[in-house]
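First up is the structure itself, then whatever we jot down about it.
Since we're looking at a predicted model, the values are computed, not measured.
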Amino acid sequence: MNIKSQIEKLIQNSQTEIIYDASNGNKPADEIERIQRWKDINKERKAEIVKVNARGKIYNSSKYGNYQTVDYLLQHEYLIKQKNNLYVEERSEKRRATFLNGVLQKDEAIAERGVEREHKKEKIERYKSNDSKRFYYNRMRAVQYAENWWNTYNSKYKKFENDCTNFISQCLHEGGAPIYGMPNRSKGWWYTNNNWSYSWSVANALMWFLASSEKGLQAKEVTSAEQLIPGDVICYDFDGDGNWQHNTIVVAKDTNNMPLVNAHSTNSRMRYWEYKDSHAWTPKVKYKFYHIIDDH
């Protein structure tokens, strides 16, 4: 079987492994464990994946002696039934298959963390203001933007290699949140064609901005995910070490009143908020829940 046919078989097999047995094939132990966590989550939520559609596309191939690596994009649609409701979750995942003399040796996801390396410890200057200027945060528009662009990239914004925070900032801005602080990258929350604040593009910086902003875009931290509504933001510290690595936007609530989120990096739509099925998740994970203040 040639390499292209083997990739096609991997894509076909991925349609059933989440429902049946992920231990077959060439998946590493941590991926099998991740899939099992997802099964356990669904059981806890009383949610059942009733159908899976998969498609994929090869986008890169490299040879090193007798070895060949093939990078491909795997896209899944999951039809999920929870109590009497049905909804569709979608993901677009980058994967790498390794072959030796044309025989598949390993198939694994390319790291998902979405960690922004640049200035990842950077904090934002606290800004106090008596400015009474008001704006309205249109949650419907923010969610609509998250739905329209969850698996693609708006050309009016820069695309980052680790795009999760940039995507959330776009959603908030398209929902009406005003920018301020230019040109100081450590101040405020802003974007121009050739420059942007750390808080716009860096997960750790956006978390600190939401925690402290007293002007423009502001948020109130709440104690549980259940308190969030569509248009709100969840921040993730997967390692529990105080460096916040990922952000998502709430787009819906499930039948248990828990958030479903959209995100970039591993592009995801209507994904359960806990991310226990993520390659980045660890038992040390910490979350912060931010309710965006609607009217200033």
Any donor-acceptor pair under 3.5 Å linking the side-chain atoms of [Y] with those of [X]?
X      : Y      : value
Asp163 : Tyr157 : no
Gln75  : Asn151 : yes
Ser5   : Asn2   : yes
Gln170 : Tyr145 : yes
Lys159 : Asn166 : no
Thr165 : Asn247 : yes

Give a yes or no on whether [X] and [Y] share a hydrophobic cluster (residues Ile, Leu, Val, Met, Phe, Trp, Tyr; joining criterion: side-chain heavy atoms under 4.5 Å apart).
X      : Y      : value
Ile229 : Val250 : no
Ile234 : Val222 : yes
Trp38  : Trp273 : yes
Leu217 : Met182 : yes
Val88  : Met258 : no

Electrostatic pair Asp71:Arg96 at N-O distance under 4.0 angstrom
yes
query = In terms of side-chain geometry, is the basic nitrogen of Arg55 or Glu77 positioned less than 4.0 Å from the acidic oxygen of its partner?
reply = yes
So, does Ser213 use its side chain to make a donor-acceptor pair with the main chain of Phe209 at under 3.5 Å? no
Going by the angle between their ring planes, with limits at 30° and 60°, are [X] and [Y] parallel, tilted or perpendicular?
X      : Y      : answer
Phe289 : Tyr287 : parallel
His264 : Phe167 : parallel
His173 : Trp200 : perpendicular

Contact summary for [X] and [Y], nearest pair of heavy atoms:
X      : Y      : value
Lys158 : Trp196 : CD-CH2, 3.2 Å
Gln82  : Arg45  : NE2-O, 3.1 Å
Ile292 : Gly231 : CG1-O, 3.6 Å
Ala203 : Trp244 : CB-O, 3.4 Å
Ile80  : Glu89  : CD1-OE1, 3.5 Å
Val233 : Leu228 : O-CD1, 4.3 Å

Residue set satisfying side chain to side chain contact (heavy atoms under 4.5 Å, CB included) with Val70, at least two apart, ordered chain then number -> Ile3, Ile7, Ile58, Ser61, Gln68, Phe99
* Leu260 and Tyr87, any side-chain heavy atoms less than 4.5 Å apart -> yes
Only residue of Glu90, Arg269, Arg271, Glu147 satisfying side chain to side chain donor-acceptor pair (under 3.5 Å) with Asn262 is Glu147
Partner of Trp189 under side chain to side chain donor-acceptor pair (under 3.5 Å), picked from Ser199, Ser169, Ser197, is Ser169
Next on the checklist: With side-chain contact (heavy atoms from CB on, under 4.5 Å) as the criterion, how do Ser278 and Thr266 come out once you've worked through the C-alpha distance, each side chain's angles and the decisive distance to 0.1 Å?
Outcome noted: CA-CA 9 Å; Ser278 165; Thr266 289; over 6 Å; no
Salt bridge (charged side-chain N to carboxylate O under 4.0 Å, His left out) test vs Asp232 passes for just one of Lys220, Lys253, Lys288, Arg139, namely Arg139
Rounded to the nearest 0.5 angstrom, the CG-CE distance for Leu104 and Met1 is 10.5 Å
d(Tyr137 OH, Asp294 CG) to nearest 0.5 Å is 8.5 Å
Apply salt bridge (charged side-chain N to carboxylate O under 4.0 Å, His left out) to the pair Glu93 and Arg91, showing each step before the final yes or no. CA-CA 6 Å; Glu93 179 182 68; Arg91 296 191 202 176; over 6 Å; no
